[in-house]
Amino acid sequence: MILLKVIFGIITTYLLYVSVRRFLKGNKNIVIFPLIVLYIFNVFPVLLDVFIGRPEYRSYRIGFINSQDDFYTELIYLIIILYIFSLLFRFQGKYIFFMNFQESFKNNAVKVITFMGYFAMIIIVVVSLLTPYRFAIIQYEMRFVTDSIGSILKNLGVFLILMCLLILFIEKRRQLFWVKFLSILPFAIWGIMINGKKAVFFIFVAGIILAVLLNNLFEKTSFKVLFIILSLMSMLLFLNFYSSVYGQEQDDFEVEYESFRVEYGRDDRLKTVIYDEINDDDNSILEYRGQTFLFYISTVLFIRREAWPEKPYPYATYFTSYYTGHSSLSLLNYTMTTSIIDEFVSNLGFIGAVILPFILVWFLKVIMKSVSSDGNNLNDRILSQIVVLVGIVLTMLLFAVQISAFIYVWIVYILLLLVLRFTNKYRIVFGRLGRR
(Lines give C-alpha, C1' and ligand atoms only; values in the text may rest on other atoms or scores of the structure.)
Protein backbone atom coordinates (compact mmCIF):
# COMPACT_ATOMS: atom_id res chain seq x y z
CA MET A 1 0.00 0.00 0.00
CA ILE A 2 2.91 2.38 0.69
CA LEU A 3 4.10 1.92 -2.92
CA LEU A 4 0.62 2.69 -4.24
CA LYS A 5 0.48 5.83 -2.11
CA VAL A 6 3.86 6.95 -3.41
CA ILE A 7 2.72 6.47 -7.02
CA PHE A 8 -0.54 8.26 -6.22
CA GLY A 9 1.38 11.18 -4.68
CA ILE A 10 3.74 11.47 -7.67
CA ILE A 11 0.89 11.49 -10.21
CA THR A 12 -1.29 14.04 -8.36
CA THR A 13 1.69 16.30 -7.56
CA TYR A 14 2.74 16.31 -11.22
CA LEU A 15 -0.82 17.08 -12.38
CA LEU A 16 -1.01 19.94 -9.90
CA TYR A 17 2.33 21.30 -11.12
CA VAL A 18 1.15 21.25 -14.74
CA SER A 19 -2.15 22.85 -13.73
CA VAL A 20 -0.42 25.72 -11.91
CA ARG A 21 1.91 26.24 -14.87
CA ARG A 22 -1.08 26.44 -17.22
CA PHE A 23 -2.68 29.05 -15.00
CA LEU A 24 0.47 31.18 -14.82
CA LYS A 25 0.75 31.06 -18.61
CA GLY A 26 -2.69 32.62 -19.02
CA ASN A 27 -5.36 29.93 -18.73
CA LYS A 28 -7.51 31.42 -15.95
CA ASN A 29 -9.79 28.38 -15.66
CA ILE A 30 -10.95 28.62 -12.05
CA VAL A 31 -10.77 24.84 -11.54
CA ILE A 32 -7.17 25.42 -10.39
CA PHE A 33 -8.42 26.72 -7.02
CA PRO A 34 -10.64 23.79 -5.95
CA LEU A 35 -7.93 21.51 -7.36
CA ILE A 36 -5.40 22.99 -4.93
CA VAL A 37 -7.82 22.58 -2.01
CA LEU A 38 -8.52 18.97 -3.02
CA TYR A 39 -4.76 18.35 -3.01
CA ILE A 40 -4.30 19.91 0.44
CA PHE A 41 -7.17 18.11 2.17
CA ASN A 42 -7.19 14.74 0.38
CA VAL A 43 -3.76 14.19 -1.20
CA PHE A 44 -1.44 15.74 1.38
CA PRO A 45 -2.72 13.39 4.16
CA VAL A 46 -1.72 10.43 1.96
CA LEU A 47 1.80 11.89 1.73
CA LEU A 48 1.82 12.23 5.53
CA ASP A 49 0.94 8.53 5.73
CA VAL A 50 4.07 7.78 3.70
CA PHE A 51 6.54 10.07 5.47
CA ILE A 52 5.17 10.13 9.04
CA GLY A 53 2.67 7.31 9.22
CA ARG A 54 -0.99 7.05 10.08
CA PRO A 55 -2.09 8.48 13.42
CA GLU A 56 -3.06 6.09 16.17
CA TYR A 57 -6.69 7.10 16.56
CA ARG A 58 -7.93 6.73 20.11
CA SER A 59 -10.50 4.08 20.89
CA TYR A 60 -13.48 6.38 21.21
CA ARG A 61 -13.10 7.33 17.55
CA ILE A 62 -14.70 4.02 16.60
CA GLY A 63 -15.96 5.41 13.30
CA PHE A 64 -12.35 5.71 12.10
CA ILE A 65 -10.59 2.67 13.53
CA ASN A 66 -11.48 -0.09 11.08
CA SER A 67 -11.32 2.04 7.94
CA GLN A 68 -7.68 3.02 8.56
CA ASP A 69 -6.34 -0.55 8.35
CA ASP A 70 -8.47 -1.95 5.53
CA PHE A 71 -6.61 -2.50 2.23
CA TYR A 72 -9.68 -2.28 -0.02
CA THR A 73 -10.90 0.88 1.72
CA GLU A 74 -7.59 2.65 1.13
CA LEU A 75 -7.34 1.38 -2.44
CA ILE A 76 -10.83 2.65 -3.32
CA TYR A 77 -9.98 5.96 -1.64
CA LEU A 78 -6.90 6.42 -3.86
CA ILE A 79 -8.93 5.52 -6.97
CA ILE A 80 -11.74 7.99 -6.13
CA ILE A 81 -9.41 10.93 -5.41
CA LEU A 82 -7.24 10.25 -8.46
CA TYR A 83 -10.36 9.95 -10.63
CA ILE A 84 -11.79 13.30 -9.43
CA PHE A 85 -8.38 14.98 -9.61
CA SER A 86 -7.76 13.75 -13.16
CA LEU A 87 -11.15 14.85 -14.50
CA LEU A 88 -10.80 18.34 -13.01
CA PHE A 89 -7.27 18.54 -14.48
CA ARG A 90 -8.58 17.49 -17.89
CA PHE A 91 -11.31 20.15 -17.70
CA GLN A 92 -8.70 22.87 -17.23
CA GLY A 93 -6.85 21.81 -20.38
CA LYS A 94 -10.04 21.39 -22.41
CA TYR A 95 -11.89 24.55 -21.32
CA ILE A 96 -9.53 27.50 -21.79
CA PHE A 97 -10.70 30.60 -19.97
CA PHE A 98 -9.16 34.08 -20.22
CA MET A 99 -10.21 37.03 -18.12
CA ASN A 100 -8.42 40.32 -17.50
CA PHE A 101 -8.52 40.55 -13.72
CA GLN A 102 -6.04 43.46 -13.76
CA GLU A 103 -8.44 45.69 -15.72
CA SER A 104 -9.09 48.99 -13.93
CA PHE A 105 -12.66 50.21 -13.54
CA LYS A 106 -13.94 53.77 -13.62
CA ASN A 107 -13.64 55.55 -10.28
CA ASN A 108 -17.37 56.26 -10.04
CA ALA A 109 -18.31 52.60 -10.36
CA VAL A 110 -15.72 51.55 -7.78
CA LYS A 111 -16.86 54.30 -5.40
CA VAL A 112 -20.53 53.27 -5.63
CA ILE A 113 -19.82 49.59 -5.01
CA THR A 114 -17.38 50.42 -2.20
CA PHE A 115 -19.94 52.70 -0.53
CA MET A 116 -22.64 50.04 -0.78
CA GLY A 117 -20.22 47.46 0.61
CA TYR A 118 -19.29 49.54 3.64
CA PHE A 119 -22.96 50.37 4.23
CA ALA A 120 -23.92 46.68 4.17
CA MET A 121 -21.07 45.82 6.54
CA ILE A 122 -22.08 48.51 9.02
CA ILE A 123 -25.67 47.20 8.95
CA ILE A 124 -24.47 43.66 9.69
CA VAL A 125 -22.31 44.85 12.61
CA VAL A 126 -25.20 46.88 14.09
CA VAL A 127 -27.67 43.99 13.70
CA SER A 128 -25.27 41.56 15.37
CA LEU A 129 -24.76 43.94 18.29
CA LEU A 130 -28.52 44.20 18.82
CA THR A 131 -28.94 40.42 19.22
CA PRO A 132 -28.61 38.51 22.51
CA TYR A 133 -25.52 36.83 21.07
CA ARG A 134 -23.36 39.97 21.13
CA PHE A 135 -21.52 38.75 24.24
CA ALA A 136 -20.91 35.35 22.65
CA ILE A 137 -19.46 37.16 19.62
CA ILE A 138 -17.18 39.35 21.73
CA GLN A 139 -16.00 36.32 23.72
CA TYR A 140 -15.53 34.32 20.49
CA GLU A 141 -17.97 31.61 21.54
CA MET A 142 -20.30 31.51 18.53
CA ARG A 143 -18.93 28.07 17.72
CA PHE A 144 -21.25 26.66 20.41
CA VAL A 145 -24.40 28.43 19.13
CA THR A 146 -26.56 26.03 17.09
CA ASP A 147 -30.10 27.49 17.01
CA SER A 148 -31.73 29.04 13.92
CA ILE A 149 -31.00 32.67 14.87
CA GLY A 150 -27.39 31.80 15.60
CA SER A 151 -27.12 30.05 12.22
CA ILE A 152 -28.41 33.16 10.46
CA LEU A 153 -25.85 35.27 12.33
CA LYS A 154 -23.07 32.91 11.31
CA ASN A 155 -24.09 33.28 7.68
CA LEU A 156 -24.10 37.06 8.12
CA GLY A 157 -20.52 36.69 9.27
CA VAL A 158 -19.73 34.96 5.98
CA PHE A 159 -21.48 37.76 4.03
CA LEU A 160 -19.39 40.28 5.97
CA ILE A 161 -16.19 38.53 4.91
CA LEU A 162 -17.34 38.34 1.29
CA MET A 163 -18.15 42.07 1.31
CA CYS A 164 -14.65 42.80 2.59
CA LEU A 165 -13.15 40.71 -0.19
CA LEU A 166 -15.40 42.35 -2.80
CA ILE A 167 -14.24 45.84 -1.82
CA LEU A 168 -10.63 44.73 -2.17
CA PHE A 169 -11.09 42.72 -5.36
CA ILE A 170 -12.50 45.59 -7.44
CA GLU A 171 -9.72 47.95 -6.33
CA LYS A 172 -6.91 47.65 -8.88
CA ARG A 173 -4.81 50.60 -7.69
CA ARG A 174 -1.99 49.30 -5.53
CA GLN A 175 -1.79 52.05 -2.89
CA LEU A 176 -5.56 52.35 -2.44
CA PHE A 177 -5.80 48.56 -2.16
CA TRP A 178 -3.68 48.52 0.98
CA VAL A 179 -5.48 51.54 2.43
CA LYS A 180 -8.79 49.75 1.96
CA PHE A 181 -7.29 46.57 3.41
CA LEU A 182 -6.56 48.38 6.68
CA SER A 183 -10.05 49.91 6.70
CA ILE A 184 -11.90 46.61 6.18
CA LEU A 185 -9.73 44.66 8.64
CA PRO A 186 -11.91 45.51 11.71
CA PHE A 187 -15.02 44.36 9.80
CA ALA A 188 -13.27 41.16 8.75
CA ILE A 189 -12.25 40.40 12.34
CA TRP A 190 -15.84 40.98 13.48
CA GLY A 191 -17.11 38.68 10.72
CA ILE A 192 -14.70 35.97 11.85
CA MET A 193 -15.93 36.37 15.43
CA ILE A 194 -19.59 36.27 14.35
CA ASN A 195 -19.12 32.99 12.51
CA GLY A 196 -16.85 31.43 15.10
CA LYS A 197 -15.32 28.82 12.78
CA LYS A 198 -11.83 28.44 11.40
CA ALA A 199 -13.12 28.11 7.84
CA VAL A 200 -14.14 31.78 7.71
CA PHE A 201 -10.63 32.92 8.59
CA PHE A 202 -9.27 30.68 5.86
CA ILE A 203 -11.78 32.17 3.40
CA PHE A 204 -10.57 35.66 4.24
CA VAL A 205 -6.87 34.83 3.92
CA ALA A 206 -7.42 32.80 0.73
CA GLY A 207 -9.51 35.67 -0.68
CA ILE A 208 -6.75 38.19 0.05
CA ILE A 209 -4.22 35.95 -1.69
CA LEU A 210 -6.54 35.64 -4.70
CA ALA A 211 -7.09 39.40 -4.88
CA VAL A 212 -3.36 40.14 -4.68
CA LEU A 213 -2.35 37.51 -7.24
CA LEU A 214 -5.19 37.96 -9.74
CA ASN A 215 -4.92 41.76 -9.65
CA ASN A 216 -1.12 41.44 -9.97
CA LEU A 217 -0.42 43.84 -7.12
CA PHE A 218 3.14 42.51 -6.87
CA GLU A 219 5.12 42.52 -10.09
CA LYS A 220 8.14 40.62 -8.75
CA THR A 221 7.78 36.89 -8.15
CA SER A 222 9.83 37.14 -4.95
CA PHE A 223 7.30 39.56 -3.45
CA LYS A 224 4.44 37.23 -4.39
CA VAL A 225 6.17 34.28 -2.73
CA LEU A 226 6.92 36.36 0.39
CA PHE A 227 3.29 37.49 0.59
CA ILE A 228 2.02 33.90 0.33
CA ILE A 229 4.46 32.79 3.05
CA LEU A 230 3.33 35.59 5.38
CA SER A 231 -0.32 34.71 4.68
CA LEU A 232 0.32 31.05 5.53
CA MET A 233 2.10 32.12 8.71
CA SER A 234 -0.96 34.15 9.71
CA MET A 235 -3.03 30.98 9.29
CA LEU A 236 -0.68 29.05 11.58
CA LEU A 237 -0.82 31.82 14.20
CA PHE A 238 -4.60 31.81 14.04
CA LEU A 239 -4.69 28.02 14.43
CA ASN A 240 -2.51 28.34 17.52
CA PHE A 241 -4.84 31.04 18.90
CA TYR A 242 -7.91 28.94 18.09
CA SER A 243 -6.46 25.89 19.81
CA SER A 244 -5.61 27.90 22.92
CA VAL A 245 -9.10 29.42 23.10
CA TYR A 246 -10.87 26.05 22.83
CA GLY A 247 -8.33 24.06 24.82
CA GLN A 248 -7.11 21.92 21.92
CA GLU A 249 -3.38 22.30 22.53
CA GLN A 250 -1.51 19.05 23.31
CA ASP A 251 2.05 18.36 24.47
CA ASP A 252 2.27 14.80 23.17
CA PHE A 253 3.28 14.55 19.47
CA GLU A 254 1.12 11.49 18.77
CA VAL A 255 -1.95 13.16 20.23
CA GLU A 256 -1.15 16.43 18.46
CA TYR A 257 -0.62 14.63 15.15
CA GLU A 258 -3.90 12.76 15.54
CA SER A 259 -5.76 15.99 16.31
CA PHE A 260 -4.14 17.66 13.30
CA ARG A 261 -5.22 14.87 10.94
CA VAL A 262 -8.76 14.76 12.30
CA GLU A 263 -9.08 18.54 12.20
CA TYR A 264 -7.45 19.38 8.87
CA GLY A 265 -7.63 16.18 6.83
CA ARG A 266 -10.66 14.93 4.91
CA ASP A 267 -9.23 11.54 3.99
CA ASP A 268 -10.44 9.78 7.13
CA ARG A 269 -14.05 10.93 6.55
CA LEU A 270 -14.13 9.48 3.05
CA LYS A 271 -12.38 6.28 4.16
CA THR A 272 -14.99 5.84 6.89
CA VAL A 273 -17.78 6.21 4.33
CA ILE A 274 -16.07 3.79 1.93
CA TYR A 275 -15.63 1.21 4.67
CA ASP A 276 -19.29 1.58 5.57
CA GLU A 277 -20.26 1.08 1.92
CA ILE A 278 -18.22 -2.06 1.23
CA ASN A 279 -19.08 -3.74 4.54
CA ASP A 280 -22.77 -2.72 4.57
CA ASP A 281 -23.03 -3.13 8.33
CA ASP A 282 -25.94 -2.02 10.49
CA ASN A 283 -24.17 1.08 11.73
CA SER A 284 -24.78 3.13 8.56
CA ILE A 285 -24.16 6.86 8.59
CA LEU A 286 -27.45 7.89 6.98
CA GLU A 287 -30.89 6.40 7.58
CA TYR A 288 -31.64 6.27 3.84
CA ARG A 289 -30.13 7.36 0.53
CA GLY A 290 -30.48 11.01 -0.38
CA GLN A 291 -31.39 12.00 3.17
CA THR A 292 -29.21 15.09 3.42
CA PHE A 293 -30.10 16.15 -0.13
CA LEU A 294 -33.64 16.55 1.23
CA PHE A 295 -32.21 18.90 3.85
CA TYR A 296 -30.96 21.23 1.10
CA ILE A 297 -34.24 21.08 -0.80
CA SER A 298 -36.27 21.83 2.32
CA THR A 299 -33.93 24.70 3.20
CA VAL A 300 -34.28 26.25 -0.26
CA LEU A 301 -38.09 25.94 0.07
CA PHE A 302 -37.91 27.50 3.57
CA ILE A 303 -39.59 24.48 5.18
CA ARG A 304 -39.06 24.82 8.92
CA ARG A 305 -38.61 21.90 11.28
CA GLU A 306 -41.81 22.87 13.09
CA ALA A 307 -43.75 22.12 9.91
CA TRP A 308 -41.78 18.96 9.15
CA PRO A 309 -40.54 17.30 12.37
CA GLU A 310 -38.77 14.56 10.37
CA LYS A 311 -36.83 17.11 8.33
CA PRO A 312 -33.28 15.78 7.82
CA TYR A 313 -30.27 17.44 9.42
CA PRO A 314 -27.01 18.50 7.73
CA TYR A 315 -24.72 15.65 6.76
CA ALA A 316 -22.08 16.57 9.36
CA THR A 317 -24.64 15.89 12.12
CA TYR A 318 -25.15 12.30 10.97
CA PHE A 319 -21.46 11.71 10.41
CA THR A 320 -20.58 13.01 13.88
CA SER A 321 -23.09 10.64 15.48
CA TYR A 322 -21.48 7.77 13.61
CA TYR A 323 -17.99 9.05 14.45
CA THR A 324 -18.69 9.18 18.19
CA GLY A 325 -20.22 5.70 18.22
CA HIS A 326 -23.88 6.57 18.73
CA SER A 327 -26.26 3.99 17.30
CA SER A 328 -28.82 6.66 16.41
CA LEU A 329 -28.80 10.35 15.55
CA SER A 330 -27.48 12.48 18.40
CA LEU A 331 -27.50 16.26 18.28
CA LEU A 332 -24.17 17.21 19.82
CA ASN A 333 -22.86 20.73 20.39
CA TYR A 334 -20.18 20.16 17.76
CA THR A 335 -19.89 18.42 14.39
CA MET A 336 -17.08 16.92 12.38
CA THR A 337 -16.14 18.90 9.28
CA THR A 338 -17.02 16.87 6.19
CA SER A 339 -16.63 17.51 2.46
CA ILE A 340 -18.74 17.13 -0.65
CA ILE A 341 -17.07 13.84 -1.64
CA ASP A 342 -18.01 11.79 1.43
CA GLU A 343 -21.47 13.35 1.48
CA PHE A 344 -22.13 12.32 -2.13
CA VAL A 345 -20.91 8.77 -1.51
CA SER A 346 -23.08 8.46 1.62
CA ASN A 347 -26.15 9.71 -0.24
CA LEU A 348 -25.70 7.96 -3.59
CA GLY A 349 -23.21 5.17 -3.00
CA PHE A 350 -20.09 4.92 -5.17
CA ILE A 351 -22.08 6.32 -8.12
CA GLY A 352 -21.95 9.61 -6.19
CA ALA A 353 -18.16 9.72 -6.58
CA VAL A 354 -18.53 8.91 -10.29
CA ILE A 355 -20.92 11.76 -11.10
CA LEU A 356 -19.50 14.35 -8.69
CA PRO A 357 -16.69 15.69 -10.94
CA PHE A 358 -19.15 16.09 -13.83
CA ILE A 359 -21.44 18.16 -11.60
CA LEU A 360 -18.47 20.27 -10.48
CA VAL A 361 -17.31 20.77 -14.07
CA TRP A 362 -20.82 21.78 -15.12
CA PHE A 363 -21.00 24.27 -12.24
CA LEU A 364 -17.62 25.77 -13.11
CA LYS A 365 -18.71 26.10 -16.75
CA VAL A 366 -21.86 27.93 -15.67
CA ILE A 367 -19.76 30.37 -13.65
CA MET A 368 -17.32 31.10 -16.46
CA LYS A 369 -19.98 31.25 -19.18
CA SER A 370 -22.10 33.57 -17.05
CA VAL A 371 -19.51 36.33 -17.17
CA SER A 372 -20.26 38.78 -19.92
CA SER A 373 -18.04 38.94 -23.00
CA ASP A 374 -19.30 42.45 -23.76
CA GLY A 375 -16.15 44.52 -23.22
CA ASN A 376 -18.00 47.82 -23.65
CA ASN A 377 -20.29 47.45 -20.67
CA LEU A 378 -18.56 48.47 -17.41
CA ASN A 379 -21.29 47.07 -15.16
CA ASP A 380 -21.03 43.68 -16.87
CA ARG A 381 -17.26 43.58 -16.36
CA ILE A 382 -17.49 44.42 -12.66
CA LEU A 383 -20.30 41.95 -12.07
CA SER A 384 -18.36 39.31 -13.98
CA GLN A 385 -15.36 39.64 -11.68
CA ILE A 386 -17.62 39.52 -8.61
CA VAL A 387 -19.29 36.34 -9.85
CA VAL A 388 -15.93 34.71 -10.57
CA LEU A 389 -14.48 35.73 -7.17
CA VAL A 390 -17.40 34.35 -5.16
CA GLY A 391 -17.52 31.26 -7.38
CA ILE A 392 -13.84 30.58 -6.70
CA VAL A 393 -14.34 30.86 -2.94
CA LEU A 394 -17.43 28.62 -2.90
CA THR A 395 -15.92 25.90 -5.08
CA MET A 396 -12.81 25.88 -2.91
CA LEU A 397 -14.99 25.37 0.15
CA LEU A 398 -16.69 22.33 -1.36
CA PHE A 399 -13.64 20.18 -0.60
CA ALA A 400 -12.92 21.82 2.76
CA VAL A 401 -16.25 22.14 4.57
CA GLN A 402 -19.81 20.89 4.29
CA ILE A 403 -22.21 22.80 2.04
CA SER A 404 -24.62 23.35 4.94
CA ALA A 405 -22.09 25.63 6.66
CA PHE A 406 -22.72 28.26 3.95
CA ILE A 407 -26.12 27.17 2.67
CA TYR A 408 -27.64 30.67 2.51
CA VAL A 409 -24.59 32.02 0.69
CA TRP A 410 -25.04 29.22 -1.85
CA ILE A 411 -28.73 30.06 -2.30
CA VAL A 412 -28.02 33.75 -2.95
CA TYR A 413 -25.14 32.94 -5.29
CA ILE A 414 -27.12 30.47 -7.39
CA LEU A 415 -29.93 33.04 -7.71
CA LEU A 416 -27.31 35.57 -8.87
CA LEU A 417 -26.05 33.11 -11.48
CA LEU A 418 -29.57 32.54 -12.79
CA VAL A 419 -30.20 36.28 -13.04
CA LEU A 420 -26.87 36.86 -14.76
CA ARG A 421 -27.44 34.05 -17.25
CA PHE A 422 -30.86 35.48 -18.12
CA THR A 423 -29.63 39.06 -18.50
CA ASN A 424 -26.73 37.94 -20.66
CA LYS A 425 -29.12 36.08 -22.93
CA TYR A 426 -31.78 38.77 -23.09
CA ARG A 427 -31.22 42.51 -22.94
CA ILE A 428 -33.59 45.49 -23.06
CA VAL A 429 -32.90 47.32 -26.33
CA PHE A 430 -34.67 50.64 -27.04
CA GLY A 431 -37.61 49.74 -24.85
CA ARG A 432 -38.11 46.22 -26.20
CA LEU A 433 -36.79 42.82 -25.18
CA GLY A 434 -34.01 41.86 -27.55
CA ARG A 435 -32.17 38.58 -27.73
CA ARG A 436 -28.39 38.73 -27.81
Side-chain angles (χ1 to χ4, degrees), residues 1 4-5 7-9 11-12 15-16 34-50 54-55 57 61-88 199 258-281 283-286 289-293 314-324 335-360 395-405:
M1 181 52 68
L4 290 176
K5 289 183 177 181
I7 296 173
F8 168 83
I11 294 174
T12 51
L15 293 180
L16 182 64
L35 200 63
I36 291 174
V37 176
L38 177 63
Y39 185 92
I40 293 172
F41 284 97
N42 289 92
V43 176
F44 186 66
V46 175
L47 301 180
L48 290 177
D49 284 348
V50 174
R54 290 176 301 202
Y57 291 115
R61 304 188 191 281
I62 66 172
F64 284 177
I65 299 300
N66 294 333
S67 64
Q68 300 302 314
D69 297 314
D70 186 78
F71 175 82
Y72 294 106
T73 296
E74 296 210 75
L75 178 61
I76 294 173
Y77 173 85
L78 297 180
I79 293 173
I80 288 176
I81 299 302
L82 183 59
Y83 165 75
I84 296 174
F85 206 94
S86 301
L87 284 185
L88 294 180
E258 177 201 359
S259 299
F260 175 82
R261 289 289 297 270
V262 171
E263 194 75 24
Y264 305 111
R266 299 295 176 264
D267 59 316
D268 42 27
R269 280 72 156 171
L270 181 54
K271 288 178 183 177
T272 303
V273 174
I274 293 171
Y275 183 85
D276 183 68
E277 287 292 321
I278 62 179
N279 286 278
D280 194 27
D281 55 22
N283 194 18
S284 297
I285 297 172
L286 297 179
R289 297 291 190 188
Q291 186 173 16
T292 61
F293 289 169
Y315 176 71
T317 303
Y318 295 99
F319 186 89
T320 306
S321 292
Y322 180 95
Y323 159 83
T324 54
T335 57
M336 292 287 293
T337 304
T338 58
S339 77
I340 192 173
I341 307 176
D342 35 276
E343 182 168 1
F344 260 64
V345 175
S346 283
N347 279 279
L348 301 174
F350 290 122
I351 190 66
V354 174
I355 67 174
L356 176 59
F358 293 98
I359 296 175
L360 291 175
T395 50
M396 288 171 65
L397 288 174
L398 285 175
F399 294 113
V401 297
Q402 57 268 23
I403 301 175
S404 58

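Note that these values count all heavy atoms, side chains included, but never hydrogens, waters or copies made by symmetry.
- Using a 4.5 Å heavy-atom cutoff, the side chains of I81 and V43 are in contact.
- Partners of Q402 under the side chain to side chain donor-acceptor pair (under 3.5 Å) rule, at least two apart in sequence or in another chain, do not exist in this structure.
- Around atom CZ of F293, more than 12 heavy atoms belonging to other residues, nucleotides or ligands sit under 6.0 Å away.
- Here the side chain of N347 pairs a donor or acceptor atom with the backbone of Q291 at under 3.5 angstrom.
- Taking 4.5 Å as the limit, some side-chain heavy atom of V273 sits within range of a side-chain heavy atom of F319.
- Taking 4.0 Å as the cut-off between side-chain N and carboxylate O, D267 and K5 do not count as a salt-bridged pair.
- Partners of S346 under the side chain to side chain donor-acceptor pair (under 3.5 Å) rule, at least two apart in sequence or in another chain, are Y315.
- The shortest heavy-atom contact between I80 and A353 is CG2-CB, 3.9 Å.
- Closest of all the heavy-atom pairs between G352 and F344 is O-CD2, 3.7 Å.
- Within the model, atoms CG of L38 and CD1 of I84 stand 6.5 Å from one another, a figure rounded to the nearest 0.5 Å.
- Two residues are said to be in side-chain contact when any heavy atoms from C-beta on lie closer than 4.5 Å; T317 and T292 fail this criterion.
- The nearest pair of heavy atoms linking F399 to N42 is O-OD1, 4.4 Å.
- For the atom pair CG (L356) and CG (L360), the distance works out to 4.5 Å, reported to the nearest 0.5 Å.
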Intermediate values then yes/no, salt bridge (Lys or Arg N to Asp or Glu O under 4.0 Å), R289 and E277: CA-CA 12 Å; R289 297 291 190 188; E277 287 292 321; 2.9 Å; yes

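- Counting heavy atoms from C-beta on, the side chains of F350 and I274 come closer than 4.5 Å.
- Atom OH of Y83 has more than 12 neighbouring heavy atoms from other residues, nucleotides or ligands inside a 6.0 Å radius.
- With values rounded to the nearest 0.5 angstrom, L35 atom CG is found 8.0 Å from L15 atom CG.
- Residues T337 and R269 meet the side-chain proximity criterion, which asks for heavy atoms closer than 4.5 Å.
- Distance check, rounded to the nearest 0.5 Å: CD1 of I285 to CG of D276 gives 5.0 Å.
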